[in-house]
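Shown next, in structure tokens, is the structure this report addresses.
Note that ligands are numbered from 1 as they come in the structure, with each ligand's atoms numbered from 1 the same way.
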Amino acid sequence: MSNIVLGDKEYFKGIGQVKFEGKESDNPFAFKYYDENKVVAGKTLKEHFKFAVAYWHSFCGTGGDPFGPGTRVFPWATNSDPYQAAKDKMDAGFEFITKIGAPYFCFHDFDLIDEADTMAESQKRLDFITDYAKEKMAESGVKLLWGTANLFSNEQYMNGASTNPDFKVVARAGAQLKGALDATIKLDGENYVFWGGREGYMSLLNTNMKREIDHLGQFLTMARDYARGQGFKGNFFIEPKPAEPTKHQYDFDAATVIGFLREYNLMDDFKINLEVNHATLANHTMQHEMEVAASAGLLGSMDANRGDYQNGWDTDQFPTNLNELAEMMMIFLEHGGLQGGGINFDAKLRRNSTDLDDLFHAHIGGMDNFARSLMIADDILTKSNYSKLKADRYASFDSGDGKSFEEGKLTLEQLAKLGDNTQLTSGKQEMFENIINNYI
Ligand code: XUL
Ligand code: CO
């Protein structure tokens, strides 16, 4: 198919289905590496990644920042009737998602349609647009990777949603959460995400942290119980972020979230949705966060983007750093991929990227860079001696006293008897670093 138009209007005119043409192609609207049917490490690229387009950045975000309004004029955002405007946006959204060949999308409730002044009218709007989404999904084959509730934009949540000190606001958040869970279940969403946008504090002086975190645990428990009762079989994900918009967010990083899930007995139902720029804001690398989550069996899903080395905020740029991505994909392959989730492009165009086709270039680059990095990572793991070198560093624990130590069979007295100065063993960091670059 060269030209796909769902609905009766084409928004991305002159751009057809984006196809794989290989790295020799100079067509900017073609994939150079992402061949969805190519098999790497036993799965097709399509299966490995489960790429998703983020509804909010791609079809709602016009480029506004704290210093100025949006710069992009969306041809689908012209109708003053919120119902028709939401349908137009969805036509444009599904046209784009289908043309780029992403199998999934992700949304917040009020990305799909504008929130109204009353909860009842907002819910009516959500029911309407999810009916339409169901049709668009059936027609296109595009699936829902995850849904979520925007529990941070409305002024009601200025002191938090589930962690708000006022119970009435917590209840309002509960009403909105129920609507978003219903919408996700209605659209056969494979997962449901909690990103605690304002679940944190601006000042400890006015905050009872223990009570607020208990309330968050209670809120997530209720969500789990309700959704399971409605037959939802998917995963719940928590998306860590250390700060922004609050000074401190309770879901600071993967390690903090793991502690929280253990404390509130949510380990069986929840996993982690890691985001690259959130990892770097927490002064970690994404690789670190992936190792932490995967080691606990909780590497659920990924929000793909990148920060800027010179900026200390969430710039959400599309991923371009092959070196970083290759290291991420090594961890991805070593741990058998993601549990239930996929790669969601939670990334936005720059404010001065104002052409409609920029959205294509951004996603083509992102998908190609993931594909290329996965192949690099697979080469490193299967063709180089990387895995052996890494395993060899721990060989002293594979047998004898080292093995007994690992198995908990040695007392400190026995360990002490074995302990003395020993020969230094090099960590070989520079050699490990060279292996990565040799395969890029
Ligand atoms: C914000 C962020 C969100 C979540 C969903 O930094 O990443 O878009 O992914 O609420
Ligand atoms: Co995100």
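Those atoms of ligand 1 that come under 4.0 Å of a heavy atom in W56, given as number and element, are 8 (O). Set against the non-hydrogen atoms of D303, the atoms of ligand 1 under 4.0 Å away are 9 (O). Taking a cut-off of under 4.0 Å to the non-hydrogen atoms of K241, the atoms of ligand 1 that pass are 6 (O).
Checked against a 6.0 Å centroid threshold, the rings of F29 and H361 count as neighbours. A ring-centre distance under 6.0 Å is not found for F232 and Y226.
Within the protein, the number of N/O/S atoms found under 2.8 Å from the Co ion (ligand 2) is 4.
Protein heavy atom closest to atom 10 (O) of ligand 1, with residue, atom name and distance, is H108 NE2, 2.7 Å.
At least one heavy atom of D346 sits less than 4.0 Å from an atom of ligand 1. Within the structure, the closest approach of H278 to ligand 1 falls below 4.0 Å when heavy atoms are considered.
Residues satisfying the salt bridge (charged side-chain N to carboxylate O under 4.0 Å, His left out) criterion with R351, sequence neighbours excluded, are absent altogether. In terms of the salt bridge (charged side-chain N to carboxylate O under 4.0 Å, His left out) criterion, residue partners of D269 (sequence neighbours excluded) are, by chain and number, R224, R228. With sequence neighbours left out, the salt bridge (charged side-chain N to carboxylate O under 4.0 Å, His left out) criterion links D357 to no other residue.
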E289 vs M302, side chain to side chain contact (heavy atoms under 4.5 Å, CB included): CA-CA, chis, key distance, verdict:
CA-CA 11 Å; E289 288 292 83; M302 270 176 63; over 6 Å; no

Residues D316, N305; criterion side chain to side chain donor-acceptor pair (under 3.5 Å); working and verdict
CA-CA 5 Å; D316 284 343; N305 59 25; 2.8 Å; yes

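Taking the centre and axis of the six-membered ring of Y132, the NZ or CZ atom of K87 falls inside the cone set by 45° and 6.0 Å.
Only side-chain heavy atoms of E275 come within less than 4.0 Å of ligand 1; its backbone N, CA, C and O stay farther off. Neither the backbone nor the side chain of N344 comes within contact range of ligand 1; no heavy atom lies under 4.0 Å. At a heavy-atom distance under 4.0 Å, only side-chain atoms of D314, from C-beta outward, approach ligand 1.
Residues W146 and F107 have side chains not in contact (no heavy-atom distance under 4.5 Å, counting atoms from C-beta outward).
A salt bridge does not link D253 with K241: none of the charged nitrogens is closer than 4.0 Å to a carboxylate oxygen.
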